[in-house]
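Report on one structure; see the data block that follows.
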Amino acid sequence: MNLRRYCLLVAVLWQSCLMLLTAPAWAASPNHIAAELVAGPAPAPGEETQLAIVMRPEPGWHGYWLNPGDAGLGMQMDWTLPSGAKVGEPHYPVPRTLLISGLMNHVYEDEYAVLVPFTAPENAKPGAQLPVTVKAQWLACTDEICVPESAELAATVRIGPDTAAGPLKARFEDWTQRLPAPLGAEATFALSDDAVRFAIPLPATASLGQPHLFVAHDKLVDYAAPQVFSREGDMLIISIPRARFAPASPEEVKAVLRLDAEGNGVIFTARPGAVPDSGTPLTTGIAASSSALPWLLLGALVGGLLLNIMPCVFPILSLKALSLARAGESQAQARAEGLAYTAGVVLACLGLGAMLLGFRAAGEQVGWAFQLQEPSVVALLLLLACAITANLLGLFEFGVPGFASEGSPQGAFATGLLAAFVATPCTGPFMATAMGAALLLPVAPALALFATLGLGIALPFLAIAFIPALRRRMPKPGAWMTAFRRWMALPMGLTALALAWLATRIAGPWFALVSIGLAALLVALLAFAGHRQRQARPAIRPTAFGLVVLGIAALLVLPQVERDRAAAAESLLDPEPFSESALARARASGRPVFAWFTADWCLTCKVNEKVAIEREETRRAFEGAGVVVLRGDWTRRDPAITRYLTSQGAAGVPLYVWYPRQGAPETLPQVLTPGTLIDKACPDGTCR
């Protein structure tokens with residue numbers, strides 16, 4: 001008998017003796033891990049929904065992953081289903097490691113949910129109530145004792161139409177967010193006498209903090225042995241010692257790679273294949289973030305600087321142009337405004353970054369530019385754009401911001417706040433790597449990246465403020481500034497129109513119509529204030545009262561008219577909506593796959609679609625090469641898309657990933673040229 005089996009036998013014998021001695025105490029007690037079966041949103045006949053087995057361990061107790069590790073037991077399920085219904089393989093969240101006396105366990109110490117796909121019968125009638133039961137058995141353990149537990153759980157699946165309340169959908173979205181994201185690429189593994197080595201396609205931009213590979217196949221690896229990580233470009237190499245006794249030699253290996261201590265991870269299937277002999281050793285955790293942080297800060301600085309010329313920043317160029325035109329008035333004033341503007345930009349980036357990190361720490365799947373996924377924020381920006389347009393047209397004067405007339409540090413600070421808030425929806429070159437890393441780094445270095453991004457955005461204005469030679473090249477103030485101010489109302493007015501269109505896209509036409517109505521009332525109120533200003537009459541009190549009334553009306557009316565996302569726009573490429581299952585099916589077909597992630601509020605995305613994607617030449621090339629196109633619309637928050645973006649080391653859109661028929665996927669540039677996709681589909685030119 002080998003040592004491992006002997007240890008397990010001794011542990012079982014001791015456990016049995018202890019349970020016999022304490023039988024009266026534990027036999028009648030309730031389960032230490034409470035279980036509940038919850039049915040997901042109502043499916044249509046023949047369609048799929050989810051069943052959730054929700055497990056709630058008592059403090060100090062834990063349950064197990066499907067492969068429990070050196071000790072423990074995974075959950076066993078015996079289903080009783082209606083005729084014609086079926087369930088799929090259960091999906092587990094990313095587990096934690098628990099090392100006790102040299103034995104490594106894969107456990108859950110907090111509440112978790114195992115999601116099981118449920119396919120409704122084809123002949124089910126809408127409105128039918130289908131009973132589902134499962135006899136579940138599991139092992140509940142502390143660090144000292146284990147107790148086998150079981151329960152017969154029941155739920156009712158209602159056949160569509162789906163009328164599930166918001167809280168139920170929110171619960172399933174939260175549970176789904178905790179599942180590992182599909183890698184979307186084929187990994188390889190190689191066996192030797194003493195180790196199993198994995199080659200996992202993972203972008204070099206994806207930061208790793210406390211990674212761990214959980215292997216689903218039993219008796220393959222030594223669970224408690226150290227795992228060695230290294231990189232070779234976009235390939236992550238992991239070496240794990242083989243199991244010490246009777247090691248297995250499977251034909252494929254399913255595994256989950258934990259990316260960080262927060263529980264983010266990716267799931268993949270590895271098959272035998274080539275694995276690089278070596279790579280650059282990977283130092284994980286705080287040490288890794290410290291060594292890479294200077295380069296990430298440089299990337300954030302350059303990315304913020306380049307963001308000034310990205311199309312998504314154009315709506316605020318009018319505000320900057322007017323501020324820069326005034327920079328030659330006084331050296332002291334120019335420097336004061338430069339510092340105030342920079343402070344506003346950096347503070348806005350820090351605020352957005354802190355909110356982003358806070359939401360993610362609370363379990364929300366959000367990414368960069370998350371604020372534009374909320375209809376209320378879009379409505380607020382629409383009102384703000386209309387107010388600025390009215391100010392630039394001279395309908396009223398607002399001395400505190402000082403956007404166009406006499407400058408002030410207060411005005412520059414307010415302009416900086418607004419500039420950063422409006423300028424950050426899109427990611428540009430260099431910025432994507434830094435923002436993707438910020439989502440995985442500890443709080444302090446992550447906030448440093450957001451602050452550096454703001455410094456990059458403000459850098460041109462700051463340079464003009466502090467370099468006299470640059471200021472001397474600026475136009476001299478004069479009467480031309482009044483006409484220039486009027487012309488600058490044009491881009492801001494176009495921005496307001498774009499925001500009205502965006503409100504339609506993310507919340508429906510009624511929401512947009514009400515938002516436009518509120519904006520019209522706001523402009524009328526500001527025009528009234530301007531009329532009183534020109535008559536030298538007080539305007540602050542009546543205007544403030546009107547703004548309060550308008551704000552209350554917005555809070556009462558807007559939430560009542562918000563609707564679900566509008567239907568996806570038509571496309572020449574006829575893409576399939578992105579989902580994890582759709583990506584898996586497309587990869588399994590053996591055809592090349594183009595995964596395209598966009599949002600209606602991302603101007604860079606729209607430019608790329610106009611220049612490179614929505615073209616007849618691209619459609620013909622894709623048809624000739626048999627390319628499967630998947631489009632992820634991130635206009636509204638989508639947990640599946642956010643998890644995929646995170647797994648690819650991206651904090652926002654645009655993101656374009658090309659999956660060839662064979663080999664590792666390739667992340668394409670964020671700025672596409674007309675020939676980028678055609679060259680990928682037809683490298684030899686035969687299918688153009």
Side-chain angles (χ1 to χ4, degrees), residues 29-58 61-66 68 73-95 107-140 147-180 263 267 363 365 564 579-581 638-640 643:
S29 64
N31 288 336
H32 296 285
I33 301 181
E36 177 189 9
L37 181 63
V38 181
E47 297 296 324
E48 185 179 285
T49 187
Q50 297 281 343
L51 300 172
I53 302 179
V54 185
M55 310 294 287
R56 300 183 179 91
E58 293 179 355
W61 292 78
H62 57 259
Y64 290 91
W65 189 50
L66 59 93
L73 183 68
M75 186 184 299
Q76 309 297 315
M77 308 174 198
D78 183 13
W79 294 92
T80 300
L81 304 173
S83 177
K86 59 183 179 180
V87 294
E89 292 294 323
H91 302 301
Y92 287 75
V94 180
V107 305
Y108 303 100
E109 297 173 313
D110 301 313
E111 178 180 322
Y112 63 100
V114 179
L115 298 186
V116 182
F118 174 88
T119 303
E122 293 281 354
N123 58 356
K125 296 182 179 179
Q129 307 278 342
L130 304 183
V132 176
T133 60
V134 59
K135 294 180 180 178
Q137 303 178 49
W138 61 89
L139 196 64
V147 179
E149 298 183 343
S150 64
E152 184 166 341
L153 310 174
T156 300
V157 177
R158 183 184 182 279
I159 302 302
D162 181 16
T163 58
L168 177 63
K169 291 185 177 180
R171 292 181 73 188
F172 272 86
E173 285 182 0
D174 179 64
W175 292 328
T176 302
Q177 291 168 12
R178 300 176 189 274
L179 299 180
I267 187 170
Q365 289 290 337
D564 292 334
S579 67
E580 298 169 354
S581 58
D638 188 312
R643 288 192 297 121

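Side chains included, hydrogens not; waters and symmetry mates left out as well; all remaining heavy atoms used.
Rounding to the nearest 0.5 Å gives a distance of 4.5 Å between CD of Glu111 and CZ of Arg56. Within the model, atoms CD of Glu152 and OG1 of Thr80 stand 7.0 Å from one another, a figure rounded to the nearest 0.5 Å. Taking CD from Glu89 and NE2 from His91, the interatomic distance works out to 8.0 Å, rounded to the nearest 0.5 Å. In this structure, CH2 in Trp138 is found 11.5 Å from NE2 in His32, a value given to the nearest 0.5 Å. The distance from atom CD1 of Ile267 to atom OH of Tyr92, rounded to the nearest 0.5 Å, is 11.5 Å.
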What side-chain donor-acceptor pairs closer than 3.5 Å can you find for residues 44-52, not counting sequence neighbours?
from: Thr49; atom 1: OG1; to: Pro41; atom 2: O; distance (Å): 2.7

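Side chains of Tyr108 and Tyr64 form no contact here, defined as non-hydrogen atoms less than 4.5 Å apart. Here the side chains of Ile53 and Glu36 are not in contact, with every heavy-atom distance at 4.5 Å or above. Met75 has its side chain within reach of Met55: a pair of non-hydrogen atoms, C-beta onward, lies under 4.5 Å apart. Counting heavy atoms from C-beta on, the side chains of Leu168 and Val38 come closer than 4.5 Å. Side chains of Met77 and Pro90 form a contact here, defined as non-hydrogen atoms less than 4.5 Å apart. Looking only at side-chain heavy atoms (C-beta outward), Leu139 and Val147 stay at 4.5 Å or farther from each other. For the pair Pro117 and Val87, the minimum side-chain heavy-atom distance is 4.5 Å or more.
Pro121 and Ala85 make their closest contact through CG-N, 3.7 Å (heavy atoms, listed as atom of the first residue, atom of the second, distance). Across Pro95 and Trp65, no two heavy atoms sit closer than the pair CG-CG, 3.8 Å. Scanning all heavy atoms of the two residues, the minimum distance from Leu81 to Lys86 falls at CD1-CA, 3.8 Å. Across all their heavy atoms, Ala154 and Thr133 have their closest contact at CB-CG2, 3.8 Å. Across all non-hydrogen atoms, the minimal contact from Pro43 to Val157 is CD-CG1, 3.9 Å.
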Chi angles and distances behind the side-chain contact (heavy atoms from CB on, under 4.5 Å) call for Trp79, Val116: CA-CA 11 Å; Trp79 294 92; Val116 182; 3.9 Å; yes
side-chain contact (heavy atoms from CB on, under 4.5 Å) evaluation trace for Thr156 with Leu130: CA-CA 5 Å; Thr156 300; Leu130 304 183; 5.8 Å; no
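No side-chain donor-acceptor contact under 3.5 Å links His62 and Glu109.
Ring pair Phe172/Trp175 is perpendicular by interplanar angle, where above 60° counts as perpendicular and below 30° as parallel.
The main-chain N or O of Ser150 is found under 3.5 Å from a side-chain atom of Asn31 such that the two form a donor-acceptor pair.
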